[in-house]
Amino acid sequence: MGLKYIKSFTDDCRLGLWEIEEDYNTLRSLVSLDTEEEKMLEGFGSNTRKCEYLSVRVLLQRMLNHESRIIYGKRNKPFLAGNHYNISISHSGKLTGIYLSRQKRVGVDLELMSHRISRISHKFMNPAEQVTNNPELIRYHLYIHWCAKEALYKLLDKEGLNFREHIIIEPFNPQDEGKLNGHVKNETIDETFDLWYYRLGNYVIVWSCKEIEP
């Protein structure tokens, strides 16, 4: 099977990863879908996108040890039916990730390092942010920045957040895994967040969580 791992960081937060090694029929046999889910699945034009959709549901089932339905709100934000968990989902290439918490806001992003991200770095990197001078690590460092900003964007679910202007990643030295800090500031928010990251082959995974304010 394609389960990479399920890791608990606290009693409340869990990260799961699934590497899609199965074909469509195998994945389809591992999960049951209701009528709405079947309709959504069949609406995808490519087999790749269908396998991504199924892998999310298979991974969620493994993480919870039971079936649970994902519903979508505004801006396609995912929720679990019954509101038992907060959930964030990401997939890229052959990898699918889910981050779950009962009590905290969550955000996860993962990316296959398949592009020359330096060509578009001006669109999301703030002039105050720092990137290593090591030519062998520049691309990796930029992908961590990108994933960190995506994870915070998902966690906050706020319209109008500009990656370059409103989300600043504090300086850090890229390792195979580590912790970093991100600051989000605009007219409605001024908060600092802890984020964790690690490298899995040619993938970067970054996740964050934050207590839900009463």
Side-chain angles (χ1 to χ4, degrees), residues 3-18 52-53 55-92 95-111 124 143-163 166-170 172 174-200 203-214:
L3 183 66
K4 297 297 291 186
Y5 75 70
I6 297 172
K7 184 174 182 180
S8 296
F9 299 96
T10 66
D11 292 338
D12 185 56
C13 298
R14 279 181 285 169
L15 175 69
L17 296 176
W18 185 279
E52 289 175 350
Y53 181 87
S55 70
V56 169
R57 278 124 190 103
V58 175
L59 175 57
L60 180 63
Q61 182 174 298
R62 298 299 175 86
M63 294 178 72
L64 297 178
N65 294 316
H66 61 78
E67 293 183 353
S68 184
R69 302 302 180 197
I70 300 172
I71 56 179
Y72 296 91
K74 293 181 179 179
R75 298 186 297 280
N76 212 32
K77 180 178 175 60
F79 298 89
L80 290 190
N83 289 325
H84 299 304
Y85 286 91
N86 298 302
I87 183 173
S88 183
I89 300 167
S90 185
H91 39 68
S92 179
L95 202 63
T96 294
I98 293 177
Y99 195 29
L100 292 173
S101 174
R102 288 184 182 272
Q103 301 175 356
K104 298 179 180 180
R105 294 177 290 169
V106 292
V108 64
D109 191 64
L110 62 88
E111 297 288 342
F124 66 88
Y143 265 103
I144 296 174
H145 273 266
W146 172 260
C147 289
K149 295 189 179 196
E150 280 279 6
L152 291 178
Y153 184 87
K154 293 178 180 180
L155 185 154
L156 291 166
D157 188 35
K158 289 185 178 291
E159 290 186 87
L161 274 184
N162 182 286
F163 278 27
H166 301 149
I167 307 177
I168 306 298
I169 305 303
E170 296 179 7
F172 68 98
Q175 308 292 327
D176 285 343
E177 60 181 299
K179 181 180 177 182
L180 53 87
N181 297 109
H183 192 81
V184 181
K185 183 177 181 180
N186 64 7
E187 296 82 3
T188 61
I189 185 172
D190 188 352
E191 289 189 61
T192 298
F193 299 83
D194 294 328
L195 300 105
W196 293 264
Y197 72 91
Y198 85 105
R199 183 173 188 167
L200 179 65
Y203 289 89
V204 177
I205 302 101
V206 183
W207 61 95
S208 181
C209 63
K210 188 80 170 182
E211 295 287 347
I212 298 174
E213 297 176 0

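Note that the structure is predicted; figures quoted are calculated from it, not measured.
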Checking K154 side chain against S88 main chain: does a donor-acceptor pair fall under 3.5 Å? no
With V184, the side chain to side chain contact (heavy atoms under 4.5 Å, CB included) member among D190, I168, L156, T192: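 Option passing the side chain to side chain contact (heavy atoms under 4.5 Å, CB included) with V184: L156.
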Sole candidate of I205, I144, D176 that passes side chain to side chain contact (heavy atoms under 4.5 Å, CB included) when paired with Y198: I205
With sequence neighbours excluded, tell me which residues meet ring pair (Phe, Tyr, Trp, His ring centres under 6.0 Å) with F193.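 F193 satisfies ring pair (Phe, Tyr, Trp, His ring centres under 6.0 Å) with no other residue.
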Taking ring pair (Phe, Tyr, Trp, His ring centres under 6.0 Å) as the definition, give me every residue that meets it alongside F163, ordered by chain and number, with sequence neighbours left out. W146, Y153
Salt bridge K7-E177, side-chain N to carboxylate O under 4.0 Å: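 So K7 does not pair with E177 through a salt bridge.
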For a quick test of reading the model, state the closest non-hydrogen atom pair linking [X] to [Y] and the distance between them.
{"X": "A148", "Y": "L180", "value": "CB-CD1, 4.3 Å"}
{"X": "L59", "Y": "G16", "value": "CD2-O, 3.5 Å"}
{"X": "L15", "Y": "M63", "value": "C-CE, 3.9 Å"}
{"X": "Y99", "Y": "C13", "value": "OH-CB, 3.6 Å"}
{"X": "Q103", "Y": "D12", "value": "N-OD2, 3.1 Å"}
{"X": "L152", "Y": "S208", "value": "CD2-OG, 3.9 Å"}

[atom1]-[atom2] distance between [X] and [Y], expressed to the nearest 0.5 angstrom:
{"X": "R14", "Y": "I6", "atom1": "CZ", "atom2": "CD1", "result": "7.5 Å"}
{"X": "I89", "Y": "L110", "atom1": "CD1", "atom2": "CG", "result": "11.5 Å"}
{"X": "F172", "Y": "L195", "atom1": "CZ", "atom2": "CG", "result": "9.5 Å"}
{"X": "R105", "Y": "N86", "atom1": "CZ", "atom2": "CG", "result": "9.5 Å"}
{"X": "Y85", "Y": "S68", "atom1": "OH", "atom2": "OG", "result": "9.0 Å"}
{"X": "K77", "Y": "D157", "atom1": "NZ", "atom2": "CG", "result": "4.5 Å"}

Test: R199 cationic atom under 6.0 Å from Y197 six-membered ring centre, within 45° of axis: no
Do the side chains of [Y] and [X] get nearer than 4.5 Å, heavy atoms only?
{"X": "K210", "Y": "K104", "value": "no"}
{"X": "K4", "Y": "L95", "value": "yes"}
{"X": "E150", "Y": "S90", "value": "no"}
{"X": "I87", "Y": "L60", "value": "yes"}

Yes or no on side-chain contact (heavy atoms from CB on, under 4.5 Å) for N181 and D194, after CA distance, side-chain angles and deciding distance? CA-CA 5 Å; N181 297 109; D194 294 328; 2.8 Å; yes
Any chance you could lay out the ring pair (Phe, Tyr, Trp, His ring centres under 6.0 Å) test for H91 and Y53, step after step, and finish with the verdict? CA-CA 9 Å; H91 39 68; Y53 181 87; 9.5 Å; no
Kindly indicate, with the supporting measurements, whether the criterion side-chain contact (heavy atoms from CB on, under 4.5 Å) is fulfilled by V206 and V204. CA-CA 7 Å; V206 183; V204 177; 4.1 Å; yes
Please determine whether side-chain contact (heavy atoms from CB on, under 4.5 Å) holds for the pair L100 and L64, giving the CA-CA distance in whole Å, both sets of side-chain angles, and the decisive distance to 0.1 Å. CA-CA 10 Å; L100 292 173; L64 297 178; 3.8 Å; yes
Run the side-chain contact (heavy atoms from CB on, under 4.5 Å) check on C209 and S101 step by step: do they pass? CA-CA 8 Å; C209 63; S101 174; 5.7 Å; no
